[in-house]
Amino acid sequence: RFVYGVARISEVRKDGSMWQASAVMTVRCVDLATGIILYSAEKTSIAVGTDEASARRAAMTQVARDVVAKDMMANLP
């Protein structure tokens, strides 16, 4: 199997004294022996931080670990 994808920050904004960031991740998993796509998804996550950098980091971590990884583990054959 080969897993590949891309993640990006889609939006960052200041909300009062905190920063809010949105991350989008697109991921695919391909069976190398057959070429069949076993998993394909686009997931979004929103995170809050005390500054812009921490909000961006938290959004990327959350979308990768908490959203995509859990969904992929639950749905891959």
Side-chain angles (χ1 to χ4, degrees):
R1 294 180 176 176
F2 179 68
V3 178
Y4 65 97
V6 63
R8 64 181 174 84
I9 298 294
S10 59
E11 179 183 9
V12 179
R13 65 178 179 187
K14 190 165 185 173
D15 186 15
S17 62
M18 301 296 280
W19 286 83
Q20 185 176 28
S22 299
V24 178
M25 187 172 205
T26 305
V27 177
R28 283 193 176 167
C29 178
V30 178
D31 184 331
L32 292 176
T34 64
I36 295 173
I37 296 174
L38 301 174
Y39 176 84
S40 180
E42 181 173 291
K43 302 290 183 177
T44 303
S45 184
I46 299 170
V48 176
T50 55
D51 59 17
E52 183 178 353
S54 66
R56 287 174 177 265
R57 257 190 321 276
M60 291 296 254
T61 300
Q62 188 172 328
V63 76
R65 181 184 59 212
D66 298 337
V67 179
V68 173
K70 287 180 182 178
D71 186 55
M72 191 165 36
M73 297 262 308
N75 291 303
L76 270 176

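The first residue of the sequence shown is numbered 1, and numbering continues consecutively from there.
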Donor-acceptor list for residues 43-51 side chains, cut-off 3.5 Å, not counting sequence neighbours:
from, atom 1, to, atom 2, distance (Å)
Ser45, OG, Gln62, NE2, 3.0
Asp51, OD1, Ser54, N, 2.8
Asp51, OD1, Ser54, OG, 2.7

Atom [atom1] of [X] and atom [atom2] of [Y]: how far apart are they, to the nearest 0.5 Å?
| X | Y | atom1 | atom2 | result |
| --- | --- | --- | --- | --- |
| Gln20 | Asp15 | CD | CG | 6.0 Å |
| Asp66 | Thr61 | CG | OG1 | 8.5 Å |
| Glu52 | Met18 | CD | CE | 13.5 Å |
| Cys29 | Arg1 | SG | CZ | 5.5 Å |

Which atom of [X] lies closest to which atom of [Y], heavy atoms considered:
| X | Y | value |
| --- | --- | --- |
| Met60 | Arg8 | CE-N, 4.1 Å |
| Val27 | Met25 | CG2-CG, 3.7 Å |
| Asp71 | Tyr39 | OD2-OH, 2.6 Å |

inquiry  = Side chains of Val3 and Met72, heavy atoms from C-beta outward: is any pair under 4.5 Å?
reply    = yes
remark   = Excluding Val30, membership of its hydrophobic cluster (Ile, Leu, Val, Met, Phe, Trp, Tyr; side-chain heavy atoms within less than 4.5 Å) reads Phe2, Tyr4, Leu32, Ile37
